[in-house]
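Let me begin by presenting the structure, written as structure tokens, before commenting on it.
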Amino acid sequence: MSAGMHPPEFRQAHHLSDWPECHIEAQCPGCKRSTTVPTRLLMQRHGDMLIMKAVKRFRCQKCRVHAAPVFLCASHHRSFCYGPDPDWALELVPEPRG
């Protein structure tokens, strides 16, 4: 995919194996820490579960709060981080309001 392309269609029924080269980026709404995990690593450690089931398990290691927002990213980072921008990123869980 080239820069600026639209992401492939995402379905709630997709498994981690449907996105083997992607990463999941999760942020803690409390302490604002973030982490990025390759989907391939999640599959190796936890099996080929539904991607939304994996997302619901994300919690901050520091304050144990459920992660939000959570993104499925085409590359290692959702935004510029001393490298190229990803081709696309999908927000799977929105940032909490208020």
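Everything numeric here is computed off the predicted structure, so don't read it as measured data.
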Treat each ILVMFWY residue as a node, draw an edge where side-chain heavy atoms are under 4.5 Å apart, and state whether V37 and V65 are in one component. no
Between T39 and C22, is there a donor-acceptor pair closer than 3.5 Å when you use the side chain of the first and the backbone of the second? yes
Output yes when a side-chain donor or acceptor of S17 lies under 3.5 Å from a complementary backbone atom of D48, and no otherwise. no
Contacts of E95 meeting side-chain contact (heavy atoms from CB on, under 4.5 Å) (sequence neighbours excluded), chain-then-number -> K32, P69
Taking the side chain as every heavy atom from C-beta outward, state whether L42 and F58 have any pair of such atoms under 4.5 Å apart. yes
What are the two closest heavy atoms between A67 and V93, and how far apart are they? O-CG1, 4.1 Å
Measuring from atom CG of L90 to atom CD of E9, what distance do you get when rounded to the nearest 0.5 angstrom? 10.5 Å
Does any non-hydrogen side-chain atom of I51 lie less than 4.5 Å from one of W19? yes
By side-chain contact (heavy atoms from CB on, under 4.5 Å), R45 pairs with (sequence neighbours left out) L41
To check you understand the geometry: which heavy-atom pair defines the closest contact between L72 and W88, and what is its length? O-CZ3, 3.6 Å
Output for pair (T35 OG1, I24 CD1), nearest 0.5 Å, gives 10.5 Å
For residues M52 and L92, determine if any side-chain heavy atom of one lies less than 4.5 Å from a side-chain heavy atom of the other. yes
Pairwise side-chain contact, T36 with C73, heavy-atom cut-off 4.5 Å (strictly under): no
For the pair C28 and S34, evaluate side-chain contact (heavy atoms from CB on, under 4.5 Å) and give the outcome as yes or no after the intermediate values. CA-CA 6 Å; C28 174; S34 68; over 6 Å; no
Atom CD in Q27, atom CZ in F71: separation rounded to 0.5 Å? 6.0 Å
Please give me the minimum heavy-atom distance between C60 and R33, naming the atom from each residue. SG-CD, 4.4 Å
Straight-line distance of L50 CG to R11 CZ, nearest 0.5 Å: 13.5 Å
Which pairs, with at least one residue in residues 50-70 and sequence neighbours excluded, count as a side-chain hydrogen bond (donor to acceptor under 3.5 Å, both in side chains)? R59-H66
